[in-house]
2 protein chains.
Amino acid sequence: MQPNVTVPITDVSLHHFKAACSACSLRELCLPLGLSQDEMNKLDTIINQRIPVKRGEYLFRAGDPFRSLYAIRTGFFKTCVVSEDGREQVTGFQMSGELIGLDAISTETHACDAIALEDCEVCELPFSKIESLSRDIPALQLHFYKVMSREIVRDQGVMLLLGNMRAEERLAAFLINLSQRLAARGFSAVGFHLRMTREEIGSYLGLKLETVSRTLSKFQADGLITVQNKQIELVDLPAIKRLLTGCQGAHS
Amino acid sequence: MQPNVTVPITDVSLHHFKAACSACSLRELCLPLGLSQDEMNKLDTIINQRIPVKRGEYLFRAGDPFRSLYAIRTGFFKTCVVSEDGREQVTGFQMSGELIGLDAISTETHACDAIALEDCEVCELPFSKIESLSRDIPALQLHFYKVMSREIVRDQGVMLLLGNMRAEERLAAFLINLSQRLAARGFSAVGFHLRMTREEIGSYLGLKLETVSRTLSKFQADGLITVQNKQIELVDLPAIKRLLTGCQGAHS
DNA sequence: CGTCACTTTGAGTTTAGTCAAGCAGAGTGG
DNA sequence: CCACTCTGCTTGACTAAACTCAAAGTGACG
């Protein structure tokens, strides 16, 4: 981990990795449907594609001036806010096709840190260009409104989780959420490798790392999952979902 | 309380209460600065002003189809999500100048309930008209991006509160937040009337109502505040802020 | 002036947190 | 290739914070 390095965005890397949105397999996750070829081309010209970010690097930090949103092409990020006395709250884990940096629009300053949990590639979307292009392309404007709205709904789900659920329910919600998002990207819904530590999971869920560890062990003892280090198998998915009965979708 | 009545929006009420944004004292809270008279006039034509909502009424419910955002002109709302088994999570308390309904944009269905905690007046902003008008008025488009982004930042603050803070810190953050928002609207920063019950405060803060009550009593015993039913006086504001040392601004 | 919803307070319980010790695996350097 | 270190993980014993249940008090409102 090299937590003090912020990824440099050089002309070289931009040029080298240039690849069009129109050819991107994540198109349907990032972009509105039904753009014309012409509109797609305009988008391609403003987006800096395939910027590499190494594991442990910051994509941006709280306090950094805001210039761009970032779409994750490959890899896994966490975002977190840190209070003055050092308490860290992980506010989300983001995977391919998801957009980060939306919180910075309001103050033109990033409000959280974004840290790569593995080697990643992101696309940079300069916000001023997004702004002007979304005036020309109504579907794009609506799309960004919707993406931001979805983030608000997701956050409400996390509040429900943090405000109302007990440790087992939180973990169950977390595992199911990961499973669903991985499945939506074509990965296995029942077996996956956690990219984050127990402590990061705990921070996200409002639990201590020991509680996360104990609860995972209990799930394993109950035959719901198997845990081997960071490798998780969801053995009895219906039973895990039953732990959540009544807690609705919770976080997206 | 009449929790089953959704406010009817009639032509009569619209006509009767019509009043321009350009003349509204909340302009600087709701709208971007620097609009021209012409732009202001366009806005006035799409907004249905001064719709009354009585205490206990729903402005909208989770599941309702989405048509409009609402700006609160006077009064106090809560928004909440309810899980299938009936657990309620209050996701926010909104006061004059604030916008509600943003969570509905993503799915075109409201994701939460909005309930008036006292008699209120709201302005209705039909979203389709906001969409088209914000293409013509760049400042308006940016304004809505910023409002949504601010909501995301606020939610992150609530997550920090729910995930990391103990009961006293949560209550202190809550009181300070209310104080600041009331002060920004020209009300006293140190004396105010709570519009919500202990249970609603508890739901918002992830605490039970008894814990809220006990903690307020303790604050009073410690000379930080006086509580008389729903009337609160912040006697020693610096000391209350000290309880939060290190927890940064938390929820806006 | 009675009802009802809300609030306060107490006693006992439960859950998750704290502190501590030891283990496991990845990566490093001799 | 092995020993070493470092970080992350697990587990146990104990503690503290908040929850639950219960009872009684208060205030608003019809």
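None of the values given here were measured: they were computed from a predicted structure. Chain naming here is simple, since letters A, B, ... match the order of the sequence lines and numbering starts at 1 in each.
- As a whole-Å value, the separation of A:Leu207 CG from D:dC9 C1' is 16 Å.
- No more than 12 heavy atoms of other residues, nucleotides or ligands sit less than 6.0 Å from atom CD of B:Glu199.
- Ionic pairing of B:Arg154 and B:Glu151 is present here: one or more N-O contacts between side-chain nitrogen and carboxylate oxygen are shorter than 4.0 angstrom.
- The separation between B:Lys230 atom NZ and D:dC29 atom C1' is 14 Å, rounded to whole Å.
- Straight-line distance from the CD atom of A:Gln228 to the P atom of D:dC9: 14 Å, rounded to whole Å.
- Atom CE of A:Met196 and atom C1' of D:dC9 are 16 Å apart (whole Å).
- The distance between atom CE of A:Met165 and atom C1' of D:dC19, rounded to the nearest whole Å, is 18 Å.
- For the pair A:Gln231 CD and D:dG8 C1', the interatomic distance rounds to 17 Å; values are reported in whole Å.
- Rounded to an integer number of Å, the gap from CG of A:Leu194 to P of D:dT7 is 21 Å.
- A:His110 and A:Phe60 have parallel rings, their planes meeting at less than 30° on a 0 to 90° scale where 60° marks the start of perpendicular.
- A sub-4.0 Å separation between OP1 or OP2 of C:dC6 and a side-chain N or O of B:Arg198 is absent.
- Place A:Gly206 and A:Asn229 on DNA chain C by their nearest nucleotides, and A:Gly206 ends up nearer the 5' end.
- The cationic atom of A:Arg61 (NZ for Lys, CZ for Arg) lies less than 6.0 Å from the six-membered ring centre of A:Tyr58 and within 45° of the ring axis.
- Taking every side-chain heavy atom of B:Ala167 into account, D:dA18 is the closest of D:dA18, C:dC6, C:dA16.
- Heavy-atom neighbours of B:Phe187 CZ from other residues, nucleotides or ligands within 6.0 Å: at or below the threshold of 12.
- Looking at A:Glu118 and A:Arg195, a side-chain N of the basic residue comes within less than 4.0 Å of a carboxylate O on the acidic one, giving a salt bridge.
- At a non-hydrogen distance threshold of 4.0 Å, A:Lys208, A:Glu210, A:Thr211, A:Arg214 from residues 208-223 of chain A come into contact with DNA chain C.
- Between A:Arg181 and A:Glu98 there is a salt bridge, since at least one side-chain N of the basic residue sits less than 4.0 Å from a carboxylate O of the acidic one.
- D:dT7 atom C1' lies 12 Å from atom CD of A:Glu200, rounded to whole Å.
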